Colleague: 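Before anything else, here's the structure in question.
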Amino acid sequence: MTKQPTKQRSKLVVGNWKMHGRLAANAALLEAVARGVQALPADVRVGVCVPFPYLAQTQALLGGSRVVWGAQDVSAHEQGAYTGEVAAGMVADFEAGFAIVGHSERRAYHGESSEVVAQKAQRALAVRLTPIVCVGETLEERESGATERVVGAQLDAVLAALSVEEAACIVVAYEPVWAIGTGKSATSEQAQQVHAFLRARLAAKGAQVADVPLLYGGSVKPENAAELFRQADIDGGLIGGASLKEGDFLAICAAAAAGARVAG
Ligand code: PEP
């Protein structure tokens, strides 16, 4: 049998600052990241998702750089009497490129269902933000063999709400809940297995959806990034804790550059 060449997809590394940051510290971090990514090859894309109040600062500091910025959530509503919520259109006003939707912390602490996550993805797409749709299983679900059923259902709810053209514009992040902020990353084999499953699910929606970026998230560090990014279906990472340290974040971005070369 002839060996099929591995399909080359560019790598994407996105920082999720969560509820961290203050003006002075942000400035130092953003400037260091913008400087550091200049050395990366063009096939590595980098983003940072910051708390809403810092979108203006981020736009001012990253405008003209290679780094794309975004928010960590958007409302499922377009506008209206929804005190405390932030509409996707408001995020887009700051020239943002990304909006994380369905992070496990939103699902767990704010009761977000997959249907709400799907609405948020639609709101983001409607204003040309790329939704980074997070899916992931708990430890209990993994141990009971339910990983594929859980992440499949989370992804399907979003895909069902989108046209093929819209679905081709999303990013998916596989983030096992048991690996987020715990220091315990999935092994590259565990992650690749789930990514291959998600890739097949995306392909079933339509050929143009098969190649949407599939990020891994959950305790990615400079020490484990290269091995994860070397996997055929891991197109980069969604990085929490390590995105707050410029050295670690840039080292992870550099590991993505190495992973892009291996995949090619
Ligand atoms: C996250 O919150 O998206 C995440 C991946 O966190 P951490 O890297 O800290 O595990």
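We count ligands from 1, going down the list as the structure has it; atoms in each ligand are counted the same way. Nothing here was measured: the structure is a model prediction, and the numbers come from that model.
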Colleague: If you have a sec, work out which protein heavy atom is nearest atom 1 (C) of ligand 1 and how many Å separate them, to one decimal?
Modeller: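 The closest one turns out to be H103 NE2, 3.2 Å.
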Colleague: If only atom types and distance count, is the side chain of S188 paired as donor or acceptor with the main-chain N or O of L228 below 3.5 Å?
Modeller: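 No, because the side chain of S188 does not come within donor-acceptor range (under 3.5 Å) of the backbone of L228.
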Colleague: Answer side chain, backbone, both or neither: which part of A179 comes under 4.0 Å from ligand 1, heavy atoms only.
Modeller: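 Just the backbone.
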Colleague: Flag the pair D248 and K221 as a salt bridge only when some basic side-chain nitrogen lies within less than 4.0 angstrom of an acidic carboxylate oxygen.
Modeller: no
Colleague: May I ask you to decide if the ring planes of H77 and Y82 are parallel, tilted or perpendicular, using 30° and 60° as cut-offs?
Modeller: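 The arrangement is parallel - the two ring planes meet at less than 30°.
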Colleague: What I want to know is whether G181 and ligand 1 share at least one N or O pair that is separated by under 3.5 angstrom.
Modeller: yes
Colleague: Going by ring-ring contact (aromatic ring centres under 6.0 Å, His included), name the residues that satisfy it together with H20, two or more places apart in sequence or in a different chain.
Modeller: none
Colleague: Throw together a table of side-chain donor-acceptor distances under 3.5 angstrom for residues 21-40, partners on residues two or more places apart or in other chains.
Modeller:
residue	atom	partner	partner atom	Å
N26	OD1	R22	N	3.2
N26	ND2	R22	O	3.3
N26	ND2	Q57	OE1	3.0

Colleague: Identify the protein heavy atom lying closest to atom 3 (O) of ligand 1, giving its residue, its atom name and the separation to 0.1 Å.
Modeller: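 That would be E175 OE2, 2.8 Å.
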Colleague: Starting from atom 2 (O) of ligand 1, locate the nearest protein heavy atom and write down its residue, its atom name and how far away it is, to 0.1 Å.
Modeller: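 It is K18 NZ, 2.6 Å.
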Colleague: Just which atoms of ligand 1 are under 4.0 Å from any heavy atom in G241?
Modeller: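 The atoms of ligand 1 under 4.0 Å from a heavy atom of G241 are 7 (P), 8 (O), 9 (O).
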Colleague: As an exercise, identify every atom of ligand 1 less than 4.0 angstrom from a heavy atom of G218.
Modeller: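 What qualifies from ligand 1 is 5 (C), 10 (O).
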Colleague: Does the N or O separation between S219 and ligand 1 drop below 3.5 Å for any pair?
Modeller: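 N/O-N/O distance under 3.5 Å: yes.
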Colleague: Minimum distance, heavy atoms only, to atom 7 (P) of ligand 1: which one of G240, G217, C134, S185 is it?
Modeller: G240
Colleague: With a heavy-atom distance limit of 4.0 Å, tell me whether N16 approaches ligand 1 through its side chain, its backbone, both, or neither.
Modeller: side chain
Colleague: In terms of side-chain geometry, is the basic nitrogen of D235 or R45 positioned less than 4.0 Å from the acidic oxygen of its partner?
Modeller: no
Colleague: Kindly give the heavy-atom pair with the smallest separation between A168 and V209, and that separation in Å.
Modeller: N-CG2, 4.1 Å
